[in-house]
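Notes follow once the structure below has been shown.
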Amino acid sequence: MGRLRLQNPGINPIDEESLADIDTDQSPNPPPDNSCCSSSGHALACMINSKVSAVLAVMRRNVRWSGRYASTADEYLDHSLIQSLKSLRRQLFSWDTSRWSSIDPTLYLRPFLDVIRSDETGAPITGVALSSVHTILALEVFDAGTAHVEDAMHAVVNAVTSCRFEVTDPASEEAVLMKILQVLLACMKSRASMVLSNEHVCTIVNTCFRVVHQAGTKGELLQRISRNTMHELVRCIFVRLPDVSKSNGKLSSLVEMAGIDKNQAFGMSQMENGNGNYGSLTIPVDDSTVRLEMPNGMKIMVESYGIPCMVEIFHFLCSLLNIVEQIGISPRTNPMALDEDVPLFALRMINSAIELGGSSISRHPKLLALIQDELFRNLMQFSLSMSPLILSTVCSIVLNLYCHLRIQLKLQIEAFFSCVILRLAQGKYGASFHQQEVAMEALVDFCRQKTFMAEMYANLDCDITCSNVFEDLANLLSRSAFPVNCPLSTMHILSLEGLIAVIQRMADRISNAPPRSRQALLELDEYTPFWTVKCENYSDPEQWLKFVRCKKYIKRRLMIGADHFNRDPKKGLEFLQGNHLLPEKLDPQSVACFFRYTAGLDKNLVGDFLGNHDDFCVQVLHEFAGTFDFQDMNLDTALRLFLETFRLPGESQKIQRVLEAFSERYYEQSPHILANKDAALLLSYSLIMLNTDQHNVQVKKKMTEEDFIRNNRHINGGNDLPREYLSELYHSICKNEIRTTPDPGIGFLEMSPSRWIDLLRKSRKTSPYIVCDSQPYLDHDMFAIMSGPTIAAISVVFDYAEHEDVFLTCVDGFLALAKISAYHHLEDVLDDLVVSLCKFTTLLNTSMAEEPVTAFGDDTKARLATETVFIIANTYGDHIRTGWRNILDCILRLHKLGLLPARVASDAADDTELLADAAYGKPAVNSLSASHIPSMGTPRRSSGLMGRFSQLLSLDTEEPRTQPTEQQLAAHQRTLQTIQKCHIDSIFTESKFLHADSLLHLARALIWAAGRPQKVTSSPDDEDTAVFCLELLIAITLNNRDRIFLLWQAVYDHIANIVQSTVMPSALVEKAVFGILRICQRLLPYKESLADELLRSLQLVLKLDARVADAYCENITQEVSRLVKANATHIKSHMGWKTITSLLSITARHTEASEIGFEALVFIMSEGSYLSPANYLLCIEALRQFAESRVGLTDRSTRALDLMAESITCLIRWSQEIKDAGEESEKLSEGIRDMWLKLVQALKKLTLDQREEVRNHAMSSLQKCLLEVDGICLLPSSWLHSFDIVIFMMLDDLIEIAQSQSQKDYRNMEGTLMHAVKLLSKAFLHLLQELSGLSSFCKLWLGVLSRMEKYMKVKVRGKRSEKIQELVPELLKNILLVMKSKGILAKRSTIGGDSLWELTWLHLNNFAPSLQSEVFTGELELDSSNHTQSDGSHSAVVEEGSPSG
C-alpha cells in the first residue's frame, strides 16, 4: 500500500509539499533529485514489472483466479485482465528504456486501470492495482513532457473515479477507498496534473466527496483521511489560482465571450433550495455535453484546468453550508449532518481556498460574486451558531477576506461587525461566554492589522449611509476591559490587548510621518446637498482626506440634528438649516434625504411626518420613496425595506398615503407582473393585512393560503395574479413578519434576507473603498474619539492587574497614548494620561508605610508607573500643560524621601562658571539641597541617591539601629535604579527645549507647588518644599535665558511675594534673594532689552525686613559686587544704576559688607571706566555715604573723596565730547553743569565731617573740583550759585560747628576754618575776572567780606584764633591787590553813594581798617588833599558804613 500522510486540515493550509509541487509545476524541467525519473529506464521497467507481479500474485490467491491456473496451462484460457498484465510484463524490457519519456504511459498503466475498473475483482486485487498506480504517480514516472500524457492522466482519473470491486469485508472496502483517495490526491499533486481538464478536476473532487460522504458510516480512520484528502485537493487546486490568473486567463474570457452557460458547459449542477443530489457534483456521461464545441472549434473541457472548475468547486463548498437546513438528514442516516460537522468541514476548505487564492480572486468576477453574496450570506448565518468552533472558523475566513478582498467587501464587512461581532462580543442578546470570547479574539485579531481601524473609520464612520463601526468597536473594547466589581478575567485582558493594538498601530504610523501642525476646524460655509458630496480622486490622499473629513463632519451634525429633531422636529430642522445642511427654504428632497440617511431618528416622528396630509409632507414622502432601489425586487422584500426606515402610522389615511408612494415607486422599477401601480397598492395593502393576521396574537383564526389568494382576485388590472406568485408571498409573510414598529429591545439588527438583498444593491453604488497606508491621515480624529475611554480602561486594568506581563502591556499602551497625543497636539488628553499615571506611582499618597522607600521598591506597579510618568515628561514634555502639577507632586515626594539625584535643580552651568563661582566663595551646585549661597545655619538633611542609600547602610552612633535586611537592601536598590531610569534632572536641565506653553505651565506648576509664603514660621517640610520649588524655578529661568520674557513676570511675582512676606531670616527668603541676584548675573549679558526689568527686580532686596537684610547683607553685597564686575558694561540705564548703587550704599554702615560694597564702587569709579552720565550722580552719592561712614578705617573715606575728586576728569571729558553734538549740546552741557554742582555739594557736606582728616581731605577735594574745571562749560550763574550754596554755606556751617559743637566731636577745627577761608580766597580770585563784570558781583564781594569778617571774629575753644586773625587780613590784602591791579576796585564817583569802593571800605574798616592804607596809599594821599573840601561828604559816608562794620 502507498504511504498515507495525515494532516490537520485546519492548520498550516500550505505545507512544504504543496509548495514543492508549485515550484515543480512552474519548472519546465524535472529537478535532478533521487527520484526514479532521473534513473535509468531499465530501473523503471523493473519497478513496473514488480508491480505487475504483485497484482498477479494477489490474483492467484483468489479462488476465482487461481482455478483458472489449476485447470490448464494453456495461456489462451487466461482472463483478459491476466493476459494484459502478462503482455505488459513481456513488453517492458523490449522497449527503448533509454528514451522513457517517449513511451506512452497508457501502455504500462492500462493493465492496472483495467483491473481497477473491473467489477470481477475483489477488494484486495483492486487495492494492489491502486497502490501500483499510486506508486507510478508518486514517483513521477511520467510528467507533463511525456508523450501522450494527457490521455494517460485522463485514463487514470476515469478509471479511479469509476472504480468497481467486490466488497468482501468492511476493512478491505475501507482500504480500497483510502487507496482511491491516495491516487486521486497523487494525480493532483503530480507534475502532470497541469494537463488535467476542468471536467476531470471536478470529477476528482466529486469522487473524493462521495468517499467522504460514504465514510460517515465507516471507521474513524477513513473519515479523517477522506476529509483530509478533500482538504488537500482543494488546496492543490486553489494554490494555482495566482498563476492561473496570469497563464490561463484566456479560458474564462473565452467562456464569457461565447456566452456559454457555466453549468451547461461544465456539466455541473449546484444545489438550490434543497433539490438535487446530496452535496455532489453531477458529471454527465454524454460526451457531447462535456466536450462543448467552441465557435473556433476549441473543446473547452480539454483545456488545462483553471477558473471554471475553481468557480464550480467554490460554489459547491458554499452550498455545503446549506446542507443541514435544506436536507435535514438525521444523524442516524448521515453523521456528517451533525450541527457543526458539515459546516465546519466546508468552512475549513473555504478558508484554505481563500488563503491560497488571496487577492487573485478579485480578478475573477464569478469567484468574487460567490464570495460577495452566497459565501458571506452563509458566513453571517453561521457566525451566530452556538458552536464556538464554527464561529472561530468564520472569523478566520472573514479576516482572510479582509486582508485580500476588503476593497470589494466594504458593506459585507460592515454587516459582519455590526450584526455579529458587536452583537456577540458584548455578552448580550443571548450570546454564551464562549461566543463572546471567540468574537473578542476575532476583533483583537482585526485590530492587530495595521490599517484596519483607520479603514473602518475612513470607509464606514465617515459615510453617512454606514454605521460608526470604528467608534462602536473602540467603545466595545473600552467597556469590555473594565472589571466592574470583579477581578480581571481573560476577557478583560483580551479587550486590553485589542485597545492597545489599535493605539499601537496609530503610534507606528506616527513613526514614519512628518511633524504635524494643528488641525483646522471644519465648518460648512454654504449649503450643499450633503448626499451629493463626492470625491474626485480616491487615489490622491489629499482629496479623499478632505472628502472623508467633510463627510464625517456632516454625519456628526446630522446626528446632532437628529437628536434635536427627536425632541422637537421644528427645532431639529432649524438646527440643520443653521449648519448649512438643509437649505434656508426647505425643499422636499433635502428633508427626504435627511430622513433616509440619518441614523438615530425617532421612527415614530418620521412616520407621522411622512403620513401627514400637508402638501409639503406629501412631497417629502414621494421624494423619500424615490431614494429606494426596488429594481427586480420581490414585493414583500421591497415592502420590508421600506417599512424598516420608519414606523407605519396607525391612521388609515396616513397608511394609504404611505403605501401609495411606495406602490408608485415599486411599479416604476419592477412592473414585470403587476399591471399598474394600483395593483401594487392593493397587493401591498393585502400583505399588510396578512402580516397583521398572521403575527397578531389577538387574531385567533388565521388566514389560509386559499383565503389570501381569493382575497387578491382580479386586482391586477381586472385579472388574477399568478397563483405561484401569491403563494410565494403568502409563505414569505407567514415565515418572516414585516415589523411595522421598531423593537427597542434589539440593539443590533439581524441580517434578514431582505436586508441582505438591500446590502448587495447598496454595495454596487457605495463609494469606493479607501485603502489607508502607513500615514496617520485620520488618526487625530480617531484618537480624539477613543482617547478618553481608552485611558480610563487601561488605567483600570493597570489598577486591578497583579501580574507583571499585564503591567508591561499597560505601560506600552500608556506610552503609545502619550506618543499619539503629543503628535496630534492633544494636550488635554496627555494631561489626563499624566494625571492617571501619577496616581499609580503611590508617591501622591502621603500615608505610605513607615518605610516608604522600601514599600516603593517592593511595588512593581508603582515603579513602572513612575518610570512611565517621567519617560512621558522627558519625551513629550512639549505637550504637557496642567499635568506638570501632578508630575511635580511626584518629584516633591521623592525630594522629601531624599531620593532625587544630584543636579536636579541645576541650571546646566558649564564648568568654567562653576569654577568662577567657587573662586568667589560660592559652592558649586552639587545636590538638590545645596544652596547657591551657604545657608545661614539652616540644617539640611542628606539628599541625592547615594546619600539616601548611605543613610540606610550607616549606623547612627547615638541612636543604634538594626542592620537592614537583605530584602530591604534589595528594595532600596530597586528604588534607586528606578529613580536613575527616570532622568528627572533632564526635565529641568533640558527645559530650554520645551515649547513655550509647556514651559509656562511648568513654571506656574512650580509656583503653585511652592504655596504662598507665610509671615509666621511655616513647618520645616513646607519650607523645604518651597525652597526646592524655588530652586527648580530659578533653574528653568536660567536655562531659558533666550525666552526670559515668557517666564520673567511669573518668576518675579513669586520671588517678590516671598521677599515681602518674610520678616525673619529663613532658607526660603535666602534662596529668593540670591536667586534673583543670580538670575540678574546670568542674564544681563544676554538680554539688554530686559536689563532694566532685571535690575529693577533687585529693588526687592531693598524691601527686605531689617532683620532679614542684616542677616544676609554681606552675601548680598558679594553677589551685587560680582554682578557689577561681570556686567558693568551691560548696565546702561539710570534706573538700573540707581538700583545697584542703592544696594551698595546700604552696605556703607554694615561692618562685614562695607568693604565689599566699597570695592564694587571703586571698580566702577576707577579711571572712570564705567562712569556715565546715567550713573555719575548715583555713584557720587554712594561714595559720599561711604566717605561719611565711620565703619572701617578713615583711609576708605579719604579714598572715597579722592574718587569723587578724580571724577571731575570725566565731566571734563564729557564736556569736550558734546561740543559737536549740535542742538543737543546745550542741553547736555546743562546736565554736566548740574552734575558738577551736585559733586561740589556732596563734597561740601563732607567738609563738615567730625573727623579732621576727612574734613580737611574733603576741603582739598572741593578746592580741586572748584578750581580745576577749565574744561567744563560753567556759566557765571553756575559759579554764583556754587558760591551761595556751597562755599558760603560751608563757611557758615563750619563757624556754627566751631562755636556750638564739643571739641571731642570735632577736633582741630581751627585748621579746618583756615582751610575753608583759604578756599574762599582762592575760589574768589580764580573767578574774579570772570565774575567782576556781573551786576551781582558786588553782592558776591560783600558776601566774601562778610565771611572774612565772621572768621576774624570767630572764637575757637572760647577765644579768638590768632592764626585766623593773621590769615584773614593777609588773604584780604591779597584779594584787594588783585582787584586793584585788575581795576576792579578803584575810587570812583557814583550816584547814590553805593559804589563798590565805598561798600568795600565800609566793611573792611570794621575789622581790618589798616588794609586800605596798605593797599591804596596813593589814593589816600590824594584823598587827604581834598579832605577839606569834602569833609561833610566824607563824614556822611563813614556814618553810613559804620553799622555794617
Starting from the C-alpha separation in whole Å, work towards a yes-or-no answer on side-chain contact (heavy atoms from CB on, under 4.5 Å) for Tyr305 and Ile237.
CA-CA 9 Å; Tyr305 78 90; Ile237 294 167; 4.2 Å; yes
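In the model, Gln83 has no side-chain atom that pairs as donor or acceptor with a side-chain atom of Ser87 under 3.5 Å. Side-chain atoms of Ser352 and His231 form a donor-acceptor pair, as typed in the model, at a separation below 3.5 Å.
Applying the side chain to side chain donor-acceptor pair (under 3.5 Å) rule to Ser396 yields no partners; only residues at least two apart in sequence or on another chain are considered. Residues meeting the side chain to side chain donor-acceptor pair (under 3.5 Å) test with Asn49, sequence neighbours left out: none. Partners of Glu174 according to the side-chain contact (heavy atoms from CB on, under 4.5 Å) rule, which considers only residues two or more places apart in sequence or in another chain, are Lys218, Leu222. Residues passing the ring-ring contact (aromatic ring centres under 6.0 Å, His included) test with Phe112: none are found, sequence neighbours excluded. Applying the side chain to side chain donor-acceptor pair (under 3.5 Å) criterion to Ser392, with sequence neighbours excluded, gives no partner residue. Under the salt bridge (charged side-chain N to carboxylate O under 4.0 Å, His left out) criterion, Arg377 pairs with Asp373, not counting sequence neighbours.
A donor-acceptor pair is defined here as one N or O able to donate and one able to accept, closer than 3.5 Å; no such pair exists between the side chain of Asn206 and the backbone of Cys202. A side-chain donor-acceptor contact under 3.5 Å links Thr207 to the backbone of Thr203. Here the side chain of Asp104 pairs no donor or acceptor atom with the backbone of Leu107 at under 3.5 angstrom. Asn351 contributes no side-chain N or O that, together with a main-chain N or O of Thr393, makes up a donor-acceptor pair within less than 3.5 Å. The backbone N or O of Ala186 sits nowhere less than 3.5 Å from a side-chain atom of Ser190 that would complete a donor-acceptor pair.
Under the 4.0 Å criterion applied to side-chain N and carboxylate O atoms, Asp151 and Arg110 are not assigned as salt-bridge partners.
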